*Asks:* 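Dropping a structure here in structure tokens format, bear with me for questions.
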Amino acid sequence: MDLVFRDAEVVDGSGGDSYRADVGIEDGRIVSIVKEAAAAGCQRPTARRVLDAEGLVLAPGFIDMHAHSDLALLRDPDHGAKAAQGVTLEVLGQDGLSYAPVDDRTLAEVRRAITGWNGDGSDVDLDWRTVGEYLDRLDAGIAVNAAYLVPQGTVRMYAMGWEDRPATEAELNRMRRLVAEGLEQGAVGMSSGLTYTPGMYAPDSELTELCRVVARYGGYYCPHHRSYGAGALRAYEEMVTLAREAGCALHLAHATLNFDVNEGRAPELLALLDQALDAGADISLDTYPYTPGSTTLLALLPSWAGEGGPDATLERLRDAATAERIRHHLEELGSDGCHGVPVDWATIEVAGVSDPALADLVGTRVGDWRTARRLLIADRLGTTILQHVGHEENVRAIMRHRVHTGGSDGILQGLKPHPRAYGTFPEYLGRYVRELGVLSLEECVAHLTSRPAARLRLPDRGLVKEGHVADLVLFDPATVASGATYENPRTLPVGIPHVLIDGRFVMEDGKRTDVLAGRSIRRTP
């Protein structure tokens, strides 16, 4: 054998009790698990390397079900933000906006639209156009594995631009073909961002038709639904109904309830989900263990302000009369981009800017519309924000649910990004397991490993089991903790010394190696 972990405390991802074992690895797979080897007096496995795992938990590598590393994986081979957390697989293409499938026009527009998430892409050779070509780029070697969702907003942009109207039958057929081609080329499902333009312009009937395509290929639908604020429960119900009508599996993205109108309402959401699950619906969800959200400042604007694309939005902001109309929607009516809730500028913190000349604004609160408007124009819509609108009791209640999985929703751009990008998984293990006891260790590991692997239909990942791929993490349950804070969000975690992908160390003794063992993880036919 290549490697044996000796005397590890195995938390195997199933949710069952942990056990002590020697675990052997060969050719990237788990080939031997000898339980209680020393106590039983049986012959212990040997290998070219034996690592003493006394006091450490050996678990499957963590799966980040909601990541925004679409360009970061290509830009930054180290990718310590995720590797150091024990993440061995990320799901990209989130919130309906990413970089494939595209033509030249669409690529230029989507780069502008999500500069705040991923940078403008000028430092990456964007030489792909199809989903398959993007996955091929990932296969050249990345820090961690990655799966991809076909982004419905990008598909709509490609097929019909930024128009706020129903698609024609010809345009709908083109969208169906683009989604089918993406799934045939390896995407695991489709995402939507239904508070982001242009994807939010799609009526439910259009989304249902695209979900029928996803269902035919055995994929899943991952919507950022139409509201996490006013009307949030109605928006969740809308997605459940839509997916069931299409016969499509549903995975609810960053499934939380925010803003004052939803304080303490998590039990209502969970009752809705339980009713659907008990009736046979195929539903899962992900959350991050923090209360603030993070997005772009642009995303708060009413949807009509985004029609025509980024340049049209900037023109509306520059025009005083139209800007006043935008302000009225934001501050008095509650824009659809701000989840139907009148914006409280005191809750909006600048996390990152595209223009370095504006860097002194990072970490400040926006405060009022005049400042927001100036910033949007000066930064050409590229500003990232934190939105301090969450509720801890909702976070805890939802993470206990039987279909919950972990997703960082980590935006890696900006001088002060949300700490969830660097801290989600150790935050679960350190704060919510060890300190608060919200979840048991065994249950939490199942949430972060086997449950997402089952959603992704990965038959040989997500468990410490003979024959499975050796994507593994070793951590110290007594010390594991997130180092990332709101003041210092790029601090790496502690208590996670070793991470392996395909049996190769990407983290060893707490340090990032130069190994690029990650590849694209494509839909299983």
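Small disclaimer: the values here were computed from a predicted structure and weren't measured.
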*Asks:* Any chance the side chains of Gln94 and His254 put a donor and an acceptor closer than 3.5 Å?
*Replies:* no
*Asks:* Would you call the rings of Tyr288 and His418 parallel, tilted or perpendicular, where under 30° means parallel and over 60° means perpendicular?
*Replies:* perpendicular
*Asks:* Between Tyr428 and His447, is the gap from one ring center to the other below 6.0 Å?
*Replies:* no
*Asks:* With a 4.0 Å cut-off on N to O distance, would you call Glu324 and Arg327 a salt bridge?
*Replies:* yes
*Asks:* Do Asp274 and His401 have side-chain N/O donor and acceptor atoms under 3.5 Å apart?
*Replies:* yes
*Asks:* Please verify the inter-ring angle class for His339 with Phe259; under 30° counts as parallel, over 60° as perpendicular, anything in between as tilted.
*Replies:* tilted
*Asks:* With rounding to the nearest 0.5 Å, note down the distance linking CG in Asp311 to CZ in Arg112.
*Replies:* 4.5 Å
*Asks:* Just verifying a value: how many Å separate Asn262 CG and Leu269 CG, rounded to the nearest 0.5 Å?
*Replies:* 9.5 Å
*Asks:* Would you call the rings of Tyr148 and Tyr134 parallel, tilted or perpendicular, taking 30° and 60° as the class edges?
*Replies:* tilted
*Asks:* For the pair Asp355 and Arg380, find out whether any cationic side-chain nitrogen is under 4.0 Å from an anionic carboxylate oxygen.
*Replies:* no
*Asks:* For the residue pair Tyr290 and Val395, establish whether any side-chain heavy-atom pair is separated by less than 4.5 Å.
*Replies:* no
*Asks:* Give, for atom CD1 of Ile63 and atom OG1 of Thr88, the distance between the pair rounded to the nearest 0.5 Å.
*Replies:* 6.0 Å
*Asks:* If you round to the nearest 0.5 Å, how far is CG of Leu207 from NE2 of His225?
*Replies:* 13.5 Å
*Asks:* Looking just at side-chain N and O atoms, do Asp139 and Ser520 make a donor-acceptor pair shorter than 3.5 Å?
*Replies:* yes
*Asks:* Between Asp95 and His66, does a side-chain hydrogen bond (donor to acceptor under 3.5 Å, both in side chains) hold up when you go through it step by step?
*Replies:* CA-CA 9 Å; Asp95 294 329; His66 193 103; 3.3 Å; yes
*Asks:* For Asp64 and Ser408, indicate whether the former's side chain and the latter's backbone hold a donor-acceptor pair under 3.5 Å.
*Replies:* yes
*Asks:* Establish, from distance only, whether the side-chain atoms of Gln413 and Thr384 form a donor-acceptor pair under 3.5 Å.
*Replies:* no
*Asks:* Answer yes if the side chains of Asp471 and Asn145 hold a donor-acceptor pair under 3.5 Å, and no otherwise.
*Replies:* yes
*Asks:* Using 30° and 60° as the class boundaries, would you call the ring planes of His388 and Tyr486 parallel, tilted or perpendicular?
*Replies:* tilted
*Asks:* Could you tell me whether Glu237 and Arg234 make a salt bridge, using a distance below 4.0 angstrom between a side-chain N and a carboxylate O?
*Replies:* no
*Asks:* Should Glu133 and Arg129 count as an ion pair when the cut-off is N to O under 4.0 Å?
*Replies:* no
*Asks:* Measure the acute angle between the ring planes of His224 and Tyr196, then classify it against the limits of 30° and 60° as parallel, tilted or perpendicular.
*Replies:* tilted
*Asks:* Between Asp204 and Arg226, does any NZ, NE, NH1 or NH2 come within less than 4.0 Å of an OD or OE carboxylate oxygen?
*Replies:* yes
*Asks:* How long is the span from the CG atom in Asp409 to the OG1 atom in Thr295, to the nearest 0.5 Å?
*Replies:* 8.0 Å
*Asks:* Any ion pair linking Arg402 and Asp278 (charged N to carboxylate O, less than 4.0 Å)?
*Replies:* yes
*Asks:* What I'd like to find out is whether the side chain of Ile348 reaches to under 4.5 Å of the side chain of Gln387, using heavy atoms alone.
*Replies:* yes
*Asks:* Name the one of Val179, Leu178, Leu194 that satisfies side-chain contact (heavy atoms from CB on, under 4.5 Å) with Gln152?
*Replies:* Leu194
*Asks:* Distance only, no hydrogens: is a donor on one side chain within 3.5 Å (strictly under) of an acceptor on the other, for Glu163 and Tyr201?
*Replies:* no
*Asks:* Is any side-chain N of the basic residue among Arg455 and Asp282 closer than 4.0 Å to the acidic one's carboxylate O?
*Replies:* yes
*Asks:* So does Arg451 pair up with Asp286, basic N to acidic O under 4.0 Å?
*Replies:* no
*Asks:* Using the side chain to side chain contact (heavy atoms under 4.5 Å, CB included) rule, take Thr154 and Glu109 through it: C-alpha gap first, then chi angles, then the decisive distance, then the call.
*Replies:* CA-CA 9 Å; Thr154 301; Glu109 291 174 347; over 6 Å; no
*Asks:* List the atom of Asp336, the atom of Pro302, and the distance in Å for their closest heavy-atom pair.
*Replies:* OD1-CA, 3.3 Å
*Asks:* Can you see whether Thr256 engages Tyr228 through a side-chain donor-acceptor pair at a distance of less than 3.5 angstrom?
*Replies:* no
*Asks:* If I take atom CG from residue Leu71 and atom CG from residue Asp123, how far apart are they, to the nearest 0.5 angstrom?
*Replies:* 7.5 Å
*Asks:* Quick one, Trp369 and Val343 - any side-chain contact, counting heavy atoms below 4.5 Å?
*Replies:* no
